[in-house]
Structure formats: structure tokens, C-alpha cells
Chemist: 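The structure under discussion is supplied below as C-alpha cells; questions concerning it will follow.
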Amino acid sequence: MKTWRNVLLLLAVLVSVNIVAKPKIRIIATGGTIAGVSASSTSSAYTAGQVGVQTLIDAVPQMLYLADISGEQLVNIGSQDMNDQVWLKLSKRINELLNKEGYDGVVITHGTDTMEETAYFLNLTVKSNKPVILVGSMRSSTAISADGPGNLYAGVAAAASPNTKGRGVLCCMNNRLIYAKDVIKVHTTDVATFEAANAGPVGYVYNGEAHYFTKPEALHTTQSEFDVTNLEKLPQVGIVYGYANCSPLPFQAFVDAKFDGVVLAGVGDGNFYHEVFDVAVKARQKGINVVRSSRCPTGPTCLNGEVDDEKYEFVAALDQNPQKARVLLMLALTKTRDWKQIQEYFKKY
Ligand code: ASP
């Protein structure tokens, strides 16, 4: 026991004096509140995506003990403005960094609003088992007790940890590590906003090291059959929200605009208001794929529950919330329009 501790201590000393190479970690900045600036440190009003990547790196010199750090700015936006073009660019860039440019891991700074969608998109399209970690913050860089620097430090620690390898893409916020498939934003303003409602967090960062409790069950990264290398755009998929006395107009608008697929954020177990249901049945007859998910924050949307999916050729989103079901449906539609095949993807990923 003591011998091991001495070996580890020696290793830490060698790393700190640069005798053993530190992992080469690239930080890709995309904006968000972590790069946000406010006129006053106490105001809740701020503008996301203002500060550049080097400023973010300079604010956390402690990371340099953990890894050989460099950065690049991909975009500088609030993640409410995230889009397919940025996702494609980001995924392709990560694949270059990890597979061609010799980086050992990537940390992405990202707004929290759509972080879960970006994380899941990357989980299905990055072709490497090296660590890919998303971090953000809920308080802007100029706020009292800004959470960005601590989250960035923990994210780099996770990316630099050898035991992060092979786990797919993770989000690291508030020292918690959550798999891309499970992570959801649950609070509009709290720093503890990320959870995995059905699964729970899978690990944590403590003293600059990542610790894990579980391995991912769903397929990801190198096991994924989706490949965006040669894609310039993605299929068009919209989301329709369900509620009492629901209007069929939004669903009909997606059908009229010839979207490739529609995800229902249904009530309960992915149920439709009857007028919306009629539009969904007609959409299927036109070849538009329909995935049923739920506006409930927890629990699966079950196949062939109250809705007879087999009969209408709908797909049940199972564990996926509507926004992540949309990501998977977009990628599924790059391969097939066969609803049975798409249902299989929902079981696997
Ligand atoms: N609107 C911001 C964003 O997603 C919120 C945040 O980063 O916390 O970019």
C-alpha cells in the first residue's frame, strides 16, 4: 500500500517537472455563460459568449499541473443559438484533434441551455474512445462566486484521467460527471442544474481526479454507426409540445414544410391530443417519421403502451427526452427511413 503511494507520489512529481509527459488536452470554446460578461458582479443580467478561450484558460492556471493545455475558439454564442452547422463543425474538429493531431482529450466550454443535446450528438458521432467532456457555468465570468473556473478545472481533470477513456462523452458540472445519454438541465438558474433523472450521476471529480461508479450501458462513440464525416447538413426534425386541448397547427406546419421527422413531447407516456394524433397518422402516410417522447421529466416512453405503435408505425423514444430524441432521429434519418430500424436505434443508443 505504502509502496504504491510512493510510486504515485513520484509520478506526480515527475509530471509536475515535466519528466513524464502530461496528457495533451485541447479546450474548444463555443460561448455560453461561462464566457458571459455582466456590467456588475451582483446583477443577474449578462450577455453570454463574450470572453475568448485564452481568457478562460488564463483564469485557471491550476489546470497546467494536470495537463498540457491549449485552446481554440469554434464559435462564441449563447447555446440557445446552437445549430446543426456548429454541431457538424464541432464533431469533425474533435475527430481531427483526437485521431489526427495527437490530442489525448477534448474539453468543450458550452452554454448550459442546449449542452445536453450537443453532448448526445457528439456521443453518437465522435470516433474515438478518448475523453470528451463538456463544461459550462450558470454564473457569468464576472459574477461573484462564478462557477466557470471550477467547472473548467474539473472538466480538464476528468479529461486528463485515464479512467475516463471509453466512457463516451460526459458533462462535468458542479464536480459531477454525467453521461451524455442521461444528462438533463433541470433548473433554470441554479448552479446544480444538471442531473440524470433516470440514471443518476456516474462519477465525480475530487482533488483533481475523476472517480466513476458505473460504466455506460448504451452504445456510443466508437461503437456508434453514425458518421457525419461527409455530411454538410442534417435531416430536418421538429418537436411538437403536448398539452390539454392541444392545437394540431404546429405539427401540421412541420408536415407542410416537408420536415423529415417530428418528435412529440407528449403528455404522460407520450400520448397525443386526438386532433394531433390524426395529423401524426397522416404524416406517417406521407413518409414523415414520428417519434413519441414525453414532456414528463422522468420515466421511459414505452413501446406499444396506450398507443399502438406497431399499427401506426410510430417510434417510442424509450429513455430519451424530446430534445435528445430529436438528435437521435436526425442521425437515424441519415441512414434509414424504416421506422422499425429507427426503433432499434432507440433501443441501442
Ligand atoms: N443561455 C446560456 C447558454 O446556454 C445559459 C448558460 O450558459 O448557462 O449559453
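One is the number of the first residue; the rest follow in order along the sequence. Just so it is clear, the model here is predicted, and its values are computed rather than measured. When a ligand or atom number is given, it counts from 1 through the structure's own listing order.
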Chemist: Identify, by atom number and element, the atoms of ligand 1 in contact range of Gly32, meaning under 4.0 Å from any of its heavy atoms.
Modeler: 7 (O), 9 (O)

Chemist: Quick check: Lys185 and ligand 1, any N/O pair under 3.5 Å apart?
Modeler: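 In fact, backbone or side chain, Lys185 has no N or O that close.
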
Chemist: Taking the non-hydrogen atoms of Gly31, is any one of them nearer than 4.0 angstrom to ligand 1?
Modeler: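 Checking ligand 1 against Gly31, which is what was asked, there is no heavy-atom contact under 4.0 Å.
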
Chemist: Can you name the atoms of ligand 1, numbered from 1 with element, that are less than 4.0 Å from a heavy atom of Ser137?
Modeler: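 Taking each heavy atom of Ser137 in turn, ligand 1 has 6 (C), 7 (O), 8 (O) under 4.0 Å.
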
Chemist: Just say parallel, tilted or perpendicular for the rings of Tyr312 and Phe277, cut-offs at 30° and 60°.
Modeler: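 Because their plane-to-plane angle is over 60°, the rings of Tyr312 and Phe277 count as perpendicular.
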
Chemist: What protein heavy atom is closest to atom 5 (C) of ligand 1, reported as residue, atom name and distance in Å?
Modeler: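 Sorting protein heavy atoms by distance from atom 5 (C) of ligand 1 puts Thr33 OG1, 3.1 Å first.
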
Chemist: For Ala159, does its backbone N or O pair with a side-chain atom of Lys165 as donor and acceptor, under 3.5 Å?
Modeler: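 Not a single qualifying donor-acceptor pair exists.
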
Chemist: In plain terms, say whether Lys24 and Glu101 are close enough for a salt bridge, that is, a side-chain N and a carboxylate O under 4.0 Å apart.
Modeler: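 No, no charged N to carboxylate O under 4.0 Å.
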
Chemist: Which of the numbered atoms in ligand 1 are below 4.0 angstrom from a heavy atom of Gln80?
Modeler: 1 (N), 2 (C), 3 (C), 4 (O), 9 (O)

Chemist: What's the shortest distance from atom 8 (O) of ligand 1 to any protein heavy atom, and which residue and atom give it?
Modeler: Thr112 OG1, 2.5 Å

Chemist: Please check if the side chain of Ser40 supplies one atom and the backbone of Ser43 the other of a donor-acceptor pair under 3.5 Å.
Modeler: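 Answer holds: yes.
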
Chemist: Any idea which atoms of ligand 1 are less than 4.0 Å away from a heavy-atom of Ser79?
Modeler: 3 (C), 4 (O), 9 (O)

Chemist: Salt-bridge test for Glu313 and Lys340: reply yes if a basic N is under 4.0 Å from a carboxylate O, no otherwise.
Modeler: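 Salt bridge between Glu313 and Lys340, a charged N being under 4.0 Å from a carboxylate O: no.
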
Chemist: If we only count N/O pairs under 3.5 Å, is Asp113 in contact with ligand 1?
Modeler: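 Indeed, backbone or side chain, Asp113 has an N or O that close.
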
Chemist: Check salt bridge (charged side-chain N to carboxylate O under 4.0 Å, His left out) between Glu275 and all other residues, then give those that pass, not counting sequence neighbours.
Modeler: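 Partners of Glu275 under the salt bridge (charged side-chain N to carboxylate O under 4.0 Å, His left out) test: none.
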
Chemist: What's in the same ILVMFWY side-chain cluster as Tyr243, cut-off under 4.5 Å, chained through other members?
Modeler: Tyr241

Chemist: Run the numbers for me: atoms of ligand 1, each under 4.0 Å from some heavy atom of Gly78, listed by number.
Modeler: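 So the atoms of ligand 1 that pass are 9 (O).
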
Chemist: Would you please classify the geometry between the Phe259 ring and the Phe254 ring as parallel, tilted or perpendicular, with 30° and 60° separating the classes?
Modeler: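 Judged by the thresholds at 30° and 60°, the geometry between Phe254 and Phe259 is tilted.
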
Chemist: Geometry only, no angles: is Thr114 polar-contacting ligand 1 at N/O separations under 3.5 Å?
Modeler: no

Chemist: For Tyr46 and ligand 1, does the shortest N/O to N/O distance drop below 3.5 Å?
Modeler: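 Such a contact does not occur with ligand 1.
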
